[in-house]
Amino acid sequence: EALPGDDPEPIKELERRADRDDVRAALRELPDDQQEALELIFFHDMSGIEAADLLGVPVGTVKSRLHRAKTRLRRLLTGTTADMRGEVDE
């Protein structure tokens, strides 16, 4: 019979919460224009065209902001020190 302390679910829930907190903190580190693009596409389920129309910018601008946001988030969440050009900060 399993003991109450043997249940892995509380630990998994704490890990999920920590991951969410890390993502929220990383999102706050993004420049406003990148945050907006990411939020509209991923959290409001807008298409690139819809987001571009709402922001008053070309679709290509939304795509580039989204790409930069995802690159920066990946770097923030994995602790990579490479900058946007692929160089390493020292």
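Sequence positions, counted from 1, serve as the residue numbers for this chain.
- Glu50 approaches Asp45 most closely through the heavy-atom pair OE1-O, 4.2 Å.
- The side-chain contact (heavy atoms from CB on, under 4.5 Å) check on Leu54 picks up Leu40, Met46, with sequence neighbours excluded.
- Of all heavy-atom pairs spanning Ala26 and Leu77, the tightest one is CB-CD2, 3.9 Å.
- No single ILVMFWY cluster, assembled from side-chain heavy atoms under 4.5 Å apart, contains both Leu66 and Ile49.
- Gln34 places no side-chain N or O within 3.5 Å of a backbone atom of Pro31 that could act as its donor or acceptor partner.
- Rounding to the nearest 0.5 Å gives a distance of 11.0 Å between CG of Leu27 and CZ of Phe42.
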Show, in sequence, the C-alpha distance, side-chain angles and deciding distance for Arg68 and Asp33, and conclude whether the side chain to side chain contact (heavy atoms under 4.5 Å, CB included) test is met.
CA-CA 10 Å; Arg68 286 193 308 268; Asp33 62 339; 4.0 Å; yes

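- Of all heavy-atom pairs between Ile41 and Ala51, the closest is CD1-CB, 3.9 Å.
- Atoms CZ and CZ, on Arg65 and Arg72 in that order, are 14.0 Å from each other to the nearest 0.5 Å.
- Under the 4.5 Å side-chain heavy-atom criterion for grouping Ile, Leu, Val, Met, Phe, Trp and Tyr, Leu38 is not connected to Val59 through any hydrophobic cluster.
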